[in-house]
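Residue numbers begin at 1 in each chain, while the letters A, B, ... track the order of the sequences. Below, each value reflects all heavy atoms present in this structure, side chains not excepted, and no hydrogens, waters or symmetry copies.
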Amino acid sequence: MIDQIIQMTLNLDMPQMSVLEWIITLGKFAFVFIPLAFIVVMIFMERKGASLIQDRLGPNRSALPVFGGLRFFGFVHNFTDGIKLFTKETFIPTYAHKVWYVVAPGIGFLVAFLTPAVIPWFAPLTWWTGDHISQVSGMIIDSDTGILLMFALSSLSIYGTAMSAWASNSKYALLGGMRATAMMISYEVSMGLSLMGIFLLAGSFNLQHIVAWQEAHVWGIFVQPVAFFVFLTSMIAETGRAPFDVAESESEIVAGYHLEYSAMRFGLFYMGEYAHIVIASIIIATLFLGGYAIPFVSTDLLRAHVDIALALCLGGLGTMIGGFHLMVRRWKKVYATMGAKDAGTRNREYSFLQFTSGVASPVVLALAVAVFFLLNPMAATTVDGTPIFPAWVSIAAAAVQVVVLIAKAFLFCWIWIWVRWTLPRFRYDQVMSLGWKILLNLALVNLVVTAIIAKLVTGVR
Amino acid sequence: MSNYYHMPKLPSADSLRVTINVDGKDVVVPGDTNLIEALRSVGIETPHFCYHPHLPLSGNCRQCLIETEGPRGMGLAIACYTPVRAGMKVATPASSPKVAKARKTVMEFQLVNHPLDCPICDKAGECLLQENYMQAGQGESHVREDIGKQYHGAPEHRFEDTKGQDRGGKDIDIGPRIILDEERCILCDRCVRFMRHVAGDEQLYIAARGDHAFITTFPGKKLDHAYDLNTTDICPVGALTSKSFRFKHRVWNLQHTPSIDPTDALGANIWIDHDGGTVYRLMPRCNSDVNRSWIANSTRAAFEALSTNRLLDGRLQGKTVTRSEALRHMMEKLQSAKKVALVSSGHLTLEDNAAMLSLAGVLGPRAEVFGGSWLPVAKPDGIALSGDPVPNRRGVSLLGIADNLDQLVSRAAEFDVVLLAETDLWFADSKQAKALEAIPNRLVLSAWDTASVKAATCAVGINAWAEVRGCMVNIAGRLQMMQAAPVSPVDALEPAWQTLSHLAGSDWNEVIEAWKFATGICSPLASIKYSAIGSSGLQLPPSGAHT
Amino acid sequence: MAKVIQRRSLTLLERSYLWEIIKGMGTTFKHLFRNFKNPEKMQLMSYPEVEVQTPQNYRGSHRLMKRPDGEPRCVACYMCSTACPARCITIEAEPSSDPRIEKKPRKFEIDWLVCVFCGLCEEACPVDAIRMDTRKVAISHYTRKEFIADMPRLLNWDPKDFPANDAQSQKAPGGKQNQQAKQIWGLEVKHS
Amino acid sequence: MISIIYFSLFASIAMGCGLYLLIAKHPLYGALALIGNMISLAGIYSLLSAPFLGVVQILTYAGAIMMLVVFVIMVLNTAHDHEVPRFDWRGVYLVPVPAALALLLLALVYFNSPVADATALRGTAQNISQFMFDTSRTDNGYWILFEFIGLLLLGAMVSAVLIAKKRLSTHKEDV
């Protein structure tokens with residue numbers, strides 16, 4: 001019996017791949033943690049963005065007990081919050097449906113882990129291994145259903161909301177769950193339809209193809225501005241953030257579907273929301289902002305000049321650290337004028353940050369210069385008319401592309417925060433009428449117009 | 001100075017109806033009364049201080065001015081002393097600016113020496129002066145404050161206040177139960193008339209003259225009478241206040257529950273004034289057919305018992321147990337008893353006694369119901385007391401329960417269980433009650449920890465009279481209803497009818513179920529609904545249907 | 001009666017909301033940028049490191065005003081407890097020992113956990129006996145019981161904390177006359 | 001080989017969910033079991049080289065239609081756990097139907113062995129779109145059928161909107 005199983009395992013119809021291919025293919029699975037890593041930054045960004053928009057300072061109390069309390073401008077607050085959420089009592093209401101109450105918060109979070117699988121993080125890696133061309137896709141799942149798979153998965157995340165609302169056995173939670181469910185179903189329609197135009201242009205559901213099309217032609221936002229607007233709006237609604245946070249409107253239904261949740265179960269909702277935003281941002285960046293593509297720089301061009309690209313990335317990092325250094329110096333001065341009781345402690349903290357960034361910035365800049373001069377991409381081997389680079393060049397270019405994609409995603413993450421702290425909450429009927437009467441129709445009209453123009457311009461069959 | 005005044009004639013159901021013209025509109029009013037009552041019958045309230053429907057007319061406050069047509073055309077007259085005449089023309093402030101101005105001016109004079117200390121006055125909230133002020137005297141006063149605030153009363157009560165003003169007459173002890181405030185008095189002489197005509201003991205009089213006049217007792221005497229607290233009720237201002245309620249609570253915070261006097265068979269109508277589960281006072285409830293506007297001081301003090309010496313749980317062989325334990329014990333004893341004596345009570349409502357009869361019905365021939373009381377009966381005083389301390393004696397006999405406590409004593413040996421409900425036999429006549437101690441199981445339902453509770457083998461607390469809804473029949477055969485005030489000291493307490501229904505095995509939850517049982521077994525009560533009883537009671541036919 | 005204000009109807013651009021949303025986002029971004037650039041110009045205090053000066057007329061926790069002899073000025077009229085929308089004031093009255101004064105409180109309790117700090121008790125008081133000018137806005141205790149302020153606590157305030165030109169805060173009305181009146185009535189003047 | 005492991009996994013999940021749907025105490029649990037069934041079915045579609053079908057199965061049935069069912073169950077909330085029996089004995093009468101279906105399927109498989117060729121991609125987006133929309137196809141294309149169904153659904157939607165609209169307008173007249 002056991003022998004048979006071992007035999008079966010050995011007989012698994014695995015593709016034949018080289019070691020490097022295996023490493024990259026498996027290593028790609030690390031990308032599912034990108035939303036998780038984003039969350040930490042997102043929460044910080046949200047808090048600081050909100051506070052600055054509202055003319056206040058935001059979190060600035062939690063500190064590491066070194067150098068007079070390192071606070072990193074409130075960044076430490078996230079971790080204290082995390083500790084708090086993990087160590088609080090996880091409370092289950094008496095009449096809750098226990099199993100679903102426990103399971104439901106995880107569903108949305110699980111989906112957040114699955115969706116990065118369909119996103120192209122970089123252009124397909126190609127390198128010459130000596131006897132053949134190795135090729136590794138930029139996505140974890142390279143399927144031609146592509147983004148539909150993501151939609152299918154994210155449509156399942158509604159069950160997390162709905163079941164948590166129902167399992168709480170609370171009227172407010174149920175009302176919130178109802179609202180969330182109805183809204184998500186409504187906006188999924190216009191969300192899907194709005195993308196049809198860009199699918200039509202790219203001729204594929206596969207995000208890799210869509211990005212390649214944008215790289216070759218023009219960014220999606222320029223050919224599909226209406227679709228961009230509709231998709232962005234629908235995505236904000238899907239994430240249930242202001243101005244579409246009717247599902248948790250505290251003035252009406254206390255906290256909506258996560259009313260009865262406490263500690264880390266609530267934390268899962270909280271993090272799920274941010275993970276959702278991150279995914280949505282990456283998707284929008286991929287669909288409408290050319291994904292990993294750098295404007296006017298094709299993947300081949302990037303690979304040919306990967307040393308410049310890396311140097312620019314490092315130079316940017318060094319400049320940012322330099323900017324941080326200047327900011328710290330400024331803050332140090334400002335705090336000294338406030339006449340606060342803890343001026344001495346703060347001074348030590350700012351001095352440490354000033355020193356560290358002051359040292360790090362020139363070092364990184366020097367590194368950038370070194371990279372520019374020392375790295376020298378080997379000349380490409382041309383195979384069937386396409387230049388093929390060595391493996392490390394492809395991987396370095398892929399790293400640059402991941403950075404570019406993440407930078408674009410950050411832009412949209414910021415838009416999420418920006419919109420939230422600008423616009424007031426919609427009324428529920430307004431949400432519904434916007435979804436069904438305006439966005440859906442816009443998406444349909446956009447699809448028809450795109451189809452006609454595409455037919456006229458390209459003369460596709 | 002004649003001491004005789006006319007009593008006002010009050011309208012009744014069979015009053016002659018006449019048509020008069022009020023403010024240019026013809027209205028039909030009772031023809032045998034004065035204008036205040038006639039106007040009230042058509043919904044026009046006339047402000048007044050000295051007029052009281054159950055006191056002789058005096059007409060000294062001049063506040064109830066209206067205009068009527070006289071020999072010289074329309075002229076001012078006081079409504080309380082003007083009888084209704086068919087076809088007369090009357091003008092109220094609604095149509096006559098003259099009347100409005102006159103009333104306003106009179107109000108200004110009333111207020112000349114009246115201090116504006118409503119916030120600390122105990123009468124505030126039920127003060128006629130305060131109520132009428134906005135209606136008749138709104139606007140600014142013509143009296144300058146420094147001149148107006150002059151005290152002219154008894155010189156021995158004069159003092160200079162914290163603001164340096166000449167004041168006096170505060171806080172004068174004129175009797176064991178009453179405090180007088182001369183400064184607030186507007187000299188309506190209602191209290192004087194009450195003591196003279198109703199109490200029949202003239203203890204108060206108006207001393208001095210003009211603006212020096214003040215109310216006082218005769219020299220060397222105190223205001224001390226069994227009905228003297230009624231003067232605090234009829235006082236239209238805060239001049240006479242009772243010591244027991246003084247500074248206890250503000251009247252606007254009180255809730256009022258209509259009830260009837262639990263200490264006397266006349267069943268004087270009362271209000272239970274309570275707030276936050278505490279009864280603060282009992283006030284007379286006007287019922288022209290029973291007690292008019294008066295109640296005795298003894299009635300007024302009945303609320304004090306509600307918070308003292310209450311039996312809030314159960315007693316078993318003198319030990320304190322929970323209510324349910326005691327009830328379980330009672331149920332066992334009743335079920336295993338060979339012969340049960342159930343003693344009904346005239347202190348309980350008809351519903352409670354009906355529940356006892358239903359218990360007797362459940363127990364069948366093993367049970368025998370006794371009734372009556374050993375409390376001594378005094379003579380009626382003609383005001384608000386009948387002298388009989390058992391308030392529902394008529395009701396118990398109406399239900400067919402004979403007055404046969406003496407039989408119970410003589411046949412005590414026959415019984416092995418006796419159930420007493422709110423009948424304190426050991427207090428009423430401890431010698432006769434001694435014979436009952438031959439009965440091995442003495443079960444008592446009582447709201448208070450009485451002598452009977454101490455003599456009982458098992459006792460259980462019930463709601464007292466103020467906390468239950470139910471009906472009683474007064475000595476004149478008038479069916480009256482008491483409403484439940486939410487003042488039960490412990491939530492677990494139940495009314496007697498509910499406890500008895502538990503013992504009978506039938507769980508009545510609403511008092512109406514007990515009432516339906518009572519109407520079913522008692523022909524005079526048959527087909528009487530609660531809604532038919534009304535606030536002033538229902539006179540039962542005098543056929544004497546009781547056995 | 002009611003004046004009807006004719007609202008200007010929205011233009012097409014405004015009705016599309018998009019342009020207005022962009023304008024609004026411009027506003028918030030302006031704030032963000034300004035605060036990022038000049039954080040020192042933000043109107044804020046780094047409480048508790050930086051002391052906050054609460055204005056004198058800010059509604060803080062209550063205090064009871066005193067007569068010159070240290071007795072509460074309150075006459076137990078219940079006006080404050082009647083006006084209180086939160087019903088947080090409990091008063092029990094008793095006759096005053098000073099014959100010129102009718103009532104005084106035997107018990108005067110304010111439950112600060114229930115209080116909504118609306119100031120209606122101040123408004124209602126006919127004798128200016130209760131005030132909310134202590135400028136104590138952060139009331140913190142360890143138990144619920146400690147939040148119920150009784151009369152000694154409400155009377156326990158220091159005249160030095162209040163402006164000297166506020167005569168009411170320093171001494172009760174009557175002043176010299178009051179003292180004379182006390183002498184006339186043969187009452188001992190017990191000055192604190 | 002790996003596909004057989006996946007298939008047995010999906011199949012057992014589908015069977016388990018289906019069984020639970022029958023015996024679920026609460027209709028909501030039944031509905032959730034049905035969703036699990038559909039998701040595993042989508043997995044089986046993908047194994048049969050029809051990933052598009054699988055994705056659409058999840059998107060349409062599990063994501064949208066079952067969500068509406070769950071929504072309705074939650075709103076109505078008429079089912080109380082203690083009142084619903086774990087197994088309705090009347091359901092026994094329905095056993096022959098699935099049994100007969102299963103027998104039929106077995107017979108079909110036995111006499112007409114399936115030609116599941118995993119290498120032939122039949123359910124990809126491209127293939128399906130050609131089936132659906134290629135008007136130039138001469139063999140069994142479905143575009144006319146597709147257009148008819150589209151028209152039918154459009155008609156149904158318009159009439160639903162009209163019905164809802166009518167009620168809204170009468171409501172306004174009342175006010």
Side-chain angles (χ1 to χ4, degrees), chain A residues 5 7-15 95 97 99-100 103-104 107 111 118 141-159 161-163 165-167 169 171 173-175 177-182 184-186 188-189 192 199-200 203-206 436-437 461, chain D residues 1-6 8 25-29 31-32 35-36 38-39 42-43 45-46 49-75 77 79 81 118-119 121 123-130 133-136 157 161 164:
Chain A
I5 290 173
Q7 196 61 40
M8 277 164 71
T9 322
L10 289 176
N11 282 349
L12 289 178
D13 34 11
M14 289 291 183
Y95 293 101
H97 297 255
V99 177
W100 277 103
V103 169
I107 294 177
V111 169
V118 298
I141 300 173
D142 194 359
S143 161
D144 76 335
T145 49
I147 190 157
L148 288 187
L149 193 60
M150 191 220 89
F151 284 161
L153 289 171
S154 73
S155 74
L156 292 181
S157 75
I158 306 172
Y159 288 105
T161 311
M163 291 316 294
W166 180 77
N169 212 340
K171 294 230 174 2
L174 191 64
L175 282 172
M178 293 290 150
R179 286 178 170 203
T181 316
M184 284 188 188
I185 291 177
S186 308
E188 227 162 55
V189 179
F199 294 157
L200 195 117
S204 173
F205 290 124
N206 195 321
W436 287 107
K437 288 187 187 164
R461 176 164 51 98
Chain D
M1 191 65 229
I2 197 162
S3 56
I4 288 175
I5 295 173
Y6 274 128
S8 41
K25 245 195 321 187
H26 197 286
L28 192 62
Y29 292 156
L32 290 168
I35 294 161
M38 283 168 174
I39 291 172
Y45 283 144
S46 302
S49 306
F52 184 76
L53 211 55
V55 167
V56 168
Q57 164 92 0
I58 296 179
L59 198 62
T60 315
Y61 285 97
I65 292 177
M66 282 318 290
M67 192 60 235
L68 282 178
V69 171
V70 166
F71 190 86
V72 168
I73 292 172
M74 275 158 61
V75 171
N77 204 21
D81 305 359
T119 52
L121 286 172
T124 60
Q126 205 164 11
N127 288 8
I128 285 177
S129 65
Q130 274 173 7
F133 303 110
D134 193 349
T135 50
S136 61
M157 198 170 79
V161 166

Can you say whether A/L148 sits under 4.5 Å from chain D via the side chain, the backbone, both, or neither, judging by heavy atoms? both

Could you give the distance from OG (A/S154) to CD1 (D/I58), rounded to the nearest 0.5 Å? 11.0 Å

Shortest non-hydrogen pair, A/W100 vs D/L32, comes out as CZ2-CD1, 3.2 Å

Audit row: A/W166, D/V70, side-chain contact (heavy atoms from CB on, under 4.5 Å) steps and yes/no: CA-CA 10 Å; A/W166 180 77; D/V70 166; over 6 Å; no

Bottom line for A/M163: the part with an atom under 4.5 Å from chain D's heavy atoms is side chain

When you measure from the side chain of A/Y159 to the backbone of D/M67, do you find a donor-acceptor pair of N or O atoms at a distance under 3.5 Å? yes

May I ask you to check whether over 12 heavy atoms, not counting those of A/F199, lie within 6.0 Å of atom CZ? yes

How long is the gap from CE on D/M38 to CG on A/L156, to the nearest 0.5 Å? 11.5 Å

Could you pull out the closest heavy-atom pair between A/S155 and D/G63, with the gap in Å? OG-CA, 3.5 Å

So which part of A/F205 gets closer than 4.5 Å to some heavy atom of chain D, the side chain, the backbone, both or neither? side chain

